[in-house]
Visitor: 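Starting off with a structure, shown below.
Predicted, not measured: the structure shown is a model, and the values here were computed from it. Here is the naming used below: chain letters follow the sequence lines, and residue numbers restart at 1 for every chain. All values below were derived from every heavy atom in this structure, side-chain atoms included, with hydrogens, water molecules and symmetry-related copies excluded.
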Amino acid sequence: MLQTHQLTKRYEDNRLALDSLNLDIQPGRIFFLLGANGAGKTTTINLFLNFITPTLGKVSVNGIDASAKPLEARQHVSFLSENVMLYGNFTARQNLDFFAKLGGKTRLSKADYYCLLRKVGLQDEALEKKLKTFSKGMRQKVGLAIALAKDADNMLLDEPTSGLDPKAAAELVNILKEQSKAGKAILMCTHDIFRAKELADEVGIMKEGRMVKQLSRKEFLQEDLERIYLEYMGQPMNGIDKTIHEKR
Amino acid sequence: MKNFKILLVHELQQQSKSFIFVLMMAVALLTAFICGYIQVDDFAERQAVYREELRTGQAQQKEALAYSQFAVPVLIAPNPMSIFYRGVDESIGNKSMISPVRLPDLESTSQRRNPFLAMFANLDISGIVKILSIFVLLLAAGIIPGERETRIWHLIFANSVKGFAYYLAKFCATGISALLSLSVLFFVAGILAAVHPMVETAGAFWMRLGLTFLASFLYLSVFATLGLAVSARSQHAGASVLWGVLVWIGISFIYPNLIGTLADRPLDAENRLAVREIKNIEEECVREFSSLKKWHGLDMMHLPFARYFDSNIPEQRLLTRSEMEAVISMSEKGVLENELANWERLWPILWKYQQGIQDQKDRMRQKQLGQQRSHQSLTCFLPDMLYEQSLASLAGTGIEYRDEYLRGELRRFRGQVFDYLEGKKAFGEKFFTLFPRDQWRDSWDDYTASEREIYGDFEKQENYPRLSTTDAPVFAFAEKFDFPAGLPVLLGVNVLLFVAGLGWFQKR
């Protein structure tokens, strides 16, 4: 369960990165945060992981205040970032082994690692190859395997489809569906509207740190999500304020 | 701290695959063999020279014909720890002769035949450790920003990993890498030393070697904490490594050399003044000696110290013993009485000269040491200085031991020699002849055939009786062991840099 309440982040240079964000992602639900670069999507994830501290509001993971008890909260979160680099001198299996152990999975065997790496779509010959020989997409797959290995209740995914080929992206969708069915709360930050339409239970459109539109699956399937997204992205912020006010 | 072990093992694996680590190990291994072999070989050579000097000195003492020729050799045995830290081992001197006619001073017996040592005199094992410090610094400096740049940092801290555990693991891994390279270096050099027949490795040697190893580790670990501290403040690995190198150059070369140059500047002026003062004392003594010669026609044939004054007054030729007899028709007894009278006149001048020179040298040395101390106090926080200070205490090759302690001991030994000589009534006629005064005759013909046989050929020195030196004092320098005060300070610097680095890291 991932929740925020009036979550606000203002940086030292007085830039408002996130403004009063309210989220409630229950177990088994997939929430897509859509928005352009600088909309506040990554800031939201960083606040869940306590990489930065909120200026105002609350952020919690499974009811644990992520700012007050970050170590405890992180135990319940798997994370996959955009452009996973990992350790180039280590093999895929060695990288997975290290991060799985850090995530508390100390008893996984070599076979378990191979199984996970195959699950995310890596070929057998790549399992014991050094990561410096991997393409961006292959590294991203290892990153996903790391997130899966932790097997936490919640998943935070920051642009996970970045660098993935269509087949791999489709495999990711299937994996996330499985995870959702297994009762995991998933927050995915992306620009990928098509993936959102395919997978999301709920979608939030962010602009300049504010959640300007939130739609349930039923709502965005009835309306054209792409059009709504582009409409909000093209509109100046004061116009969006007016639209929100009128719709209320 | 539950993830500490995982982070540590991983960081060790990561470092062991890095180019810097491989290079550091290669340098340690290669230089351990080359430097270890050269230093051990040089030590064996110094040991052989020491034994030879000892034998020669003892033989010379047995050959003395009068107390003016009496001298006690004092030799400092080469310390096997100098293989690891030469310090000022032989540069200040390792040999001295305690005699009534010369001021004791330290001379060097070093021959230094090895061209490597002639070029890199101080490239001992501690010198290699200093080279390894740059590798340790580079190893540590790139760690944190490297993981930041690649965003691995986020993946690590997305787990319940404490910043302290992460930082400590990085430090420990770098420390273990440094320890591995040190172990290679010390193991190879230690084995080379232990198997060489000329190197005596008693229990104290191994204890000192162990402490030297510890000091070397603490020294390298300062560079690990320094590198991590720089790393914690930097955003980019390249910038961090560059800063690390600049800091290393600053604290290893620029600052100590700058302070050294500034500290030596007033000393040069002081030295020039002291040398001038010594020259004044010499000139005054020469004047007094010349005046004695003028009025008493001194013949200093049995007094080796007189040669010193002779060289300063080449225009005046001394009368020889045969000239005394031939030219001024002095009797045999008269010649001897004349020599005794001359000796009694000369001795106060010589004594005054010796005391004056000694006092002046002491003043000069005190100033030098004072300067050395002020230099030390300005650089005492530098890891290089703390390391050298620790090793000097352990190896007994530091300036404090070599200069202050040894010279102090030499003066004490000299006092004992004078007591011994006074006990032997050596400052009378025995100073230049063993021929008893009550047996001196007016004419050479008055001596018996056996006396002529014994005392007649001082210059040929074949049958002339030798001094009995069996009860002469024998001196040896105590092997000094000072607690290496630099060790706890190095530990303190480590803790300080670690805490500072951790603070910077936690802030970010």
Visitor: What residue in A:L102, A:V84, A:D97 has the most heavy-atom pairs under 4.5 Å with chain B?
Guide: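 When all of A:L102, A:V84, A:D97 are compared, A:L102 has the most.
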Visitor: Kindly check if the number of other-residue, nucleotide or ligand heavy atoms within 6.0 Å of CZ (B:F187) is above 12?
Guide: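 Not more than 12 within 6.0 Å, no.
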Visitor: For residues B:L155 and A:F79, report the shortest heavy-atom separation together with the two atoms involved.
Guide: CD2-O, 3.7 Å
Visitor: Going from CG on A:L86 to OG1 on B:T150, what distance comes out if it is rounded to the nearest 0.5 angstrom?
Guide: 8.5 Å
Visitor: Just how far is it from atom CZ of B:F19 to atom CG of A:N89, taken to the nearest 0.5 Å?
Guide: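 Between atom CZ of B:F19 and atom CG of A:N89 there are 13.0 Å.
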Visitor: How far does NZ of A:K105 sit from CG of B:N159, to the nearest 0.5 angstrom?
Guide: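 Interatomic distance, A:K105 NZ to B:N159 CG, rounded to 0.5 Å: 11.0 Å.
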Visitor: Where on A:E82 is there a heavy atom nearer than 4.5 Å to chain B: the side chain, the backbone, both, or neither?
Guide: backbone
Visitor: Taking 4.5 Å as the heavy-atom cut-off, does anything in residues 9-18 of chain B contact chain A, and if so which residues?
Guide: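 Near chain A, by residue number: B:H10, B:Q13, B:Q14, B:K17.
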Visitor: Rounded to the nearest 0.5 Å, how far does CG of A:L80 lie from NE2 of B:H154?
Guide: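 CG of A:L80 is found 13.5 Å from NE2 of B:H154.
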Visitor: Check the surroundings of atom OH in B:Y255: do more than 12 heavy atoms from other residues, nucleotides or ligands lie under 6.0 Å from it?
Guide: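 Yes, the 6.0 Å shell around OH holds more than 12 heavy atoms from other groups.
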Visitor: Please check if the number of heavy atoms outside B:F33 that lie under 6.0 Å from its CZ is greater than 12.
Guide: no
Visitor: In Å and rounded to the nearest 0.5 Å, what is the CZ to CG distance from B:F157 to A:N46?
Guide: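 Taking CZ in B:F157 and CG in A:N46, the distance rounds to 13.5 Å.
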Visitor: Among residues 130-143 of chain B, which residues come closer than 4.5 Å to chain A, judged by heavy atom distances?
Guide: none
Visitor: Quick check: under 4.5 Å, non-hydrogen atoms only, which of residues 211-219 of chain B neighbour chain A?
Guide: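 The list, in residue order, is empty: none.
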Visitor: Taking non-hydrogen atoms and a cut-off under 4.5 angstrom, which of residues 63-77 of chain A neighbour chain B?
Guide: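 Hits under 4.5 Å: A:L71, A:R74, A:Q75, A:V77.
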Visitor: Distance from B:I152 atom CD1 to A:F99 atom CZ, nearest 0.5 Å?
Guide: 6.0 Å
